[in-house]
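Below is one structure, written out as structure tokens; comments come after it.
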Protein chains: 2
Amino acid sequence: MANQQTALDTVFHALADPTRRAVVSRLLTGAAPVKRLSEPFEMGLPAFLKHLSVLEASGLIHTEKQGRVRTCRVDAARLAAAEGWLAEQRAVWQGRTDRLAAFVESLNPPEEKS
Amino acid sequence: MANQQTALDTVFHALADPTRRAVVSRLLTGAAPVKRLSEPFEMGLPAFLKHLSVLEASGLIHTEKQGRVRTCRVDAARLAAAEGWLAEQRAVWQGRTDRLAAFVESLNPPEEKS
DNA sequence: TTGTTGGTTCGCCATATGGTGAACTATAGA
DNA sequence: TCTATAGTTCACCATATGGCGAACCAACAA
């Protein structure tokens, strides 16, 4: 699972940037070539390509070159991995607060609210 | 919402490190003082404190000092914010694939599978 | 009062990140 | 064939990150 941990590292790191989150959001509505993706942003292409490579290294997107255009598409499974970790954590926390609530109730039996 | 975007930046960045994720996980089972939290890790206290301050800056944890011990506790709402963004994205993607499936079906009417 | 313990601060270091501009390659189209 | 376009690579820069050791402060305990 050390591998998985590294995967979470790179996925969360990739998402920790508004440009990259915007790209992911955009790609979720459909694949797109690099230039089209880069248009909404102020930065130059080299900087934008770095963002793309961070995203690709994280597995959040895959790219494929055909002729002179490179098409990018998102890998929703990776997003799900991040969401999964968070859901796990929430489950732990909810379990704890549920037990806490039960404990408090056991100390202080709930009154019937009329 | 620019503020929220910044909040997502810091939350995802905070989660992009195994040490910090472990601390969050640990704190979800209950509050703890700094030293106890730091014990499982190899690094020195100064380095560990930096991780804590990253977590605190992101709002994922809050700390409070009483006497000479500083107690840390998690803020589950921030975790939920990150999970919320991911859930939103998944909804977009699912909406798209649902529409895609509908479109494909409209082209190629489904056969009744016996 | 004198240790010991929990935490903090400081200066330092190596590396990673996020951006730039300029030069370059390779394909598509006229 | 010529040219415009999509993308890539390179060298460079400023700042952020993640770690260290050493010195330091403050509070509890003996």
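Just so it is clear, the structure is predicted and the values come from calculations on it, not from any experiment. Quick note on labels: first sequence line is chain A, next is B, and so on, each numbered from 1.
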TODO: Whole angstrom is fine here: how far is it from CG in A/D9 over to C1' in C/dT17?
DONE: 16 Å

TODO: Name the residue closer to the 5' end of DNA chain C, choosing between A/A47 and A/G67 according to the nucleotide with the nearest heavy atom.
DONE: A/A47

- [ ] Heavy atoms of chain B, cut-off under 4.0 Å: which first and last nucleotide of DNA chain D, 5' to 3', fall inside that, if you could look?
- [x] D/dT17 to D/dC28

Task: Shortest non-hydrogen contact between B/A32 and B/L27, atoms and distance - done: N-CD2, 3.8 Å

Task: Non-neighbouring partners of A/H51 that pass side chain to side chain donor-acceptor pair (under 3.5 Å), sequence neighbours left out - done: A/R20

Could you go over nucleotides 7-12 of chain C and give all protein N or O partners under 3.5 Å, atom names and distances?
from  : atom 1 : to    : atom 2 : distance (Å)
C/dG7 : OP1    : B/V34 : N      : 3.4
C/dG7 : OP1    : B/R70 : N      : 3.1
C/dG7 : OP2    : B/K35 : N      : 2.6
C/dT8 : OP1    : B/R70 : NE     : 2.5
C/dT8 : OP1    : B/R70 : NH2    : 2.9

Task: Pairwise ring pair (Phe, Tyr, Trp, His ring centres under 6.0 Å) hits with a residue in residues 58-84 of chain A, at least two apart - done: none

Task: Pairs touching residues 66-94 of chain A that satisfy salt bridge (Lys or Arg N to Asp or Glu O under 4.0 Å), sequence neighbours left out - done: A/E83-B/R90, A/R90-B/E83

Task: Whole-Å gap separating P (C/dT17) and CZ (A/F48) - done: 18 Å

TODO: Measure from CD on A/E42 to C1' on C/dT20 and round the result to the nearest Å.
DONE: 14 Å

Open item on the list: According to side chain to side chain donor-acceptor pair (under 3.5 Å), who are the partners of B/T71, at least two apart in sequence or on a separate chain?
Closed with: none

TODO: Identify, with sequence neighbours excluded, every residue that meets side chain to side chain donor-acceptor pair (under 3.5 Å) alongside B/T29.
DONE: B/R26

Quick one: side chains of residues 35-44 of chain A, donor-acceptor pairs under 3.5 Å with protein atoms, not counting sequence neighbours, listed by atom name and distance.
from  : atom 1 : to    : atom 2 : distance (Å)
A/S38 : OG     : A/K35 : O      : 2.9

- [ ] Give the rounded distance in Å between these two atoms: CD of A/Q66 and C1' of C/dA26.
- [x] 15 Å

Open item on the list: My understanding is that only residues two or more places apart in sequence, or in another chain, count here; which of them pass side chain to side chain contact (heavy atoms under 4.5 Å, CB included) with B/A16?
Closed with: A/F12, A/H13

